[in-house]
Amino acid sequence: MFFAVQYHSESLSNQHRTGGTSTSLTAGPSGSNYDYQNVHVLQGGSTPYNTYTYKAKLSPTNAPNDWAIDGTVPTISGNNYFVFSGKDTTSGQAIWIAPLTNAWTAGARWERIGWNVNEGLQPLYHTRATYLTYSASLSSSTTGYSLGLLKYNGGDPTNINSWTKTGPYLTSANGNYGPGHNGFFTTPGGVTYIVYHATANSPGDCGGNRYTMIQPMSWASDGVTPIFPVPAALSASIPAYP
């Protein structure tokens, strides 16, 4: 393990997942201070005996970014989670759990790709249901910009328990990257369209390389749950409803 010379290292955890093997290694700066110890991922090959290379620091987004140690990966209901010991929100030590999107990415990443961003809120009303859409993640240098949805369940709108959050929706597709910051309009015939911006720049963009897109959206069989479209190719023919 190449960390051993320059870094404190401890606490190995091996994980064999479909497509290869990875090992997580707790490591941090050398010296007498054991702060800033974090879990790093080494990626192997098709068997545990292949050569390992450094992949990434595993940085859960739901915990303070000071240190994370002693990580392991349980599988619960078919989903992988990263469970670890880390700093709590005051000054102690706590157990944390975060969903894994792959062997080296942990946390609610769809809202925190590149930066913790929630912006561009828009109301949406349909058949007695009230929603707020918002855009999440960094649009300037990532392709993770997408929509989140808040459904109002009744009660005090300033109480977090009055809302249910789901997402992401309207994610990058068909050469359109970072779609979001949307609006809505409804035709006289009752068809709802979503308006949003995207870019053909695959690293993402927050400037003049963005363009406006318009697509119709639909509703689930319950009549109140919105179904957001997949961003269509710019060459696609978009239906025009009355």
Side-chain angles (χ1 to χ4, degrees), residues 1 3 7-29 33-44 48 52-119 132-138 142-153 159-172 180:
M1 297 297 179
F3 284 107
Y7 294 79
H8 295 304
S9 60
E10 59 177 347
S11 217
L12 287 167
S13 177
N14 295 311
Q15 304 298 331
H16 190 81
R17 297 286 179 254
T18 301
T21 301
S22 63
T23 294
S24 61
L25 168 72
T26 300
N33 190 340
Y34 284 87
D35 291 339
Y36 307 109
Q37 299 281 307
N38 279 281
V39 173
H40 301 260
V41 177
L42 306 179
Q43 185 175 32
Y52 287 80
T53 57
Y54 182 80
K55 182 64 179 180
K57 173 185 172 183
L58 187 58
S59 300
T61 57
N62 63 336
N65 193 31
D66 285 344
W67 51 272
I69 63 173
D70 300 342
T72 190
V73 181
T75 299
I76 302 171
S77 299
N79 298 309
N80 297 324
Y81 293 84
F82 180 50
V83 183
F84 62 99
S85 173
K87 184 178 180 180
D88 68 14
T89 54
T90 56
S91 59
Q93 187 171 348
I95 299 299
W96 295 83
I97 184 169
L100 282 171
T101 56
N102 53 46
W104 58 91
T105 307
R109 296 295 297 180
W110 68 271
E111 289 185 285
R112 305 183 182 191
I113 300 173
W115 194 253
N116 300 345
V117 174
N118 283 173
E119 63 181 13
L132 284 172
T133 61
Y134 63 96
S135 298
S137 291
L138 187 66
T142 77
T143 60
Y145 202 62
S146 59
L147 292 188
L149 182 69
L150 298 173
K151 182 180 185 296
Y152 176 60
N153 300 317
N159 187 325
I160 190 173
N161 295 319
S162 297
W163 300 88
T164 299
K165 179 174 72 173
T166 56
Y169 303 99
L170 204 74
T171 56
S172 297

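Heavy-atom basis, side chains included; hydrogens, waters and symmetry copies ignored. None of the values given here were measured: they were computed from a predicted structure.
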Q: Taking side chain to side chain donor-acceptor pair (under 3.5 Å) as the definition, give me every residue that meets it alongside Thr143, ordered by chain and number, with sequence neighbours left out.
A: none
Q: Please state whether the rings of Trp96 and Phe84 are parallel, tilted or perpendicular, taking 30° and 60° as the class boundaries.
A: parallel
Q: Kindly compute the distance separating OG (Ser137) from CD (Glu119), expressed to the nearest 0.5 Å.
A: 10.0 Å
Q: Measure the spacing between CG of Leu150 and OG1 of Thr164 and express it to the nearest 0.5 Å.
A: 9.0 Å
Q: Looking only at heavy atoms, which two atoms of Gly180 and Ser135 are closest? And how far apart?
A: C-OG, 3.7 Å
Q: Scan side-chain atoms only and decide if Asn80 and Thr75 contain a donor-acceptor pair under the 3.5 Å cut-off.
A: yes
Q: Compare all side-chain heavy atoms of Pro74 with those of Val83 and state whether any distance is below 4.5 angstrom.
A: yes
Q: So for atom CD1, which belongs to Ile160, do other residues, nucleotides or ligands contribute more than 12 heavy atoms lying within a distance under 6.0 Å?
A: no
Q: Restricting to non-hydrogen atoms, name the atom on Tyr134 and the atom on Leu149 that form the minimum distance, rounded to 0.1 Å.
A: CE2-N, 3.8 Å
Q: How far apart are the closest heavy atoms of Gly71 and Phe82, and which atoms are they?
A: CA-CE1, 3.4 Å
Q: Hey, what do you get for CH2 (Trp163) to CG (Leu132), rounding to the nearest 0.5 Å?
A: 4.0 Å
Q: So which heavy atom on Ala136 is nearest to which on Glu111, and how close?
A: CB-CA, 3.7 Å
Q: After noting the C-alpha distance and the side-chain angles of Leu42 and Tyr54, does the key distance pass the side chain to side chain contact (heavy atoms under 4.5 Å, CB included) rule?
A: CA-CA 5 Å; Leu42 306 179; Tyr54 182 80; 4.0 Å; yes
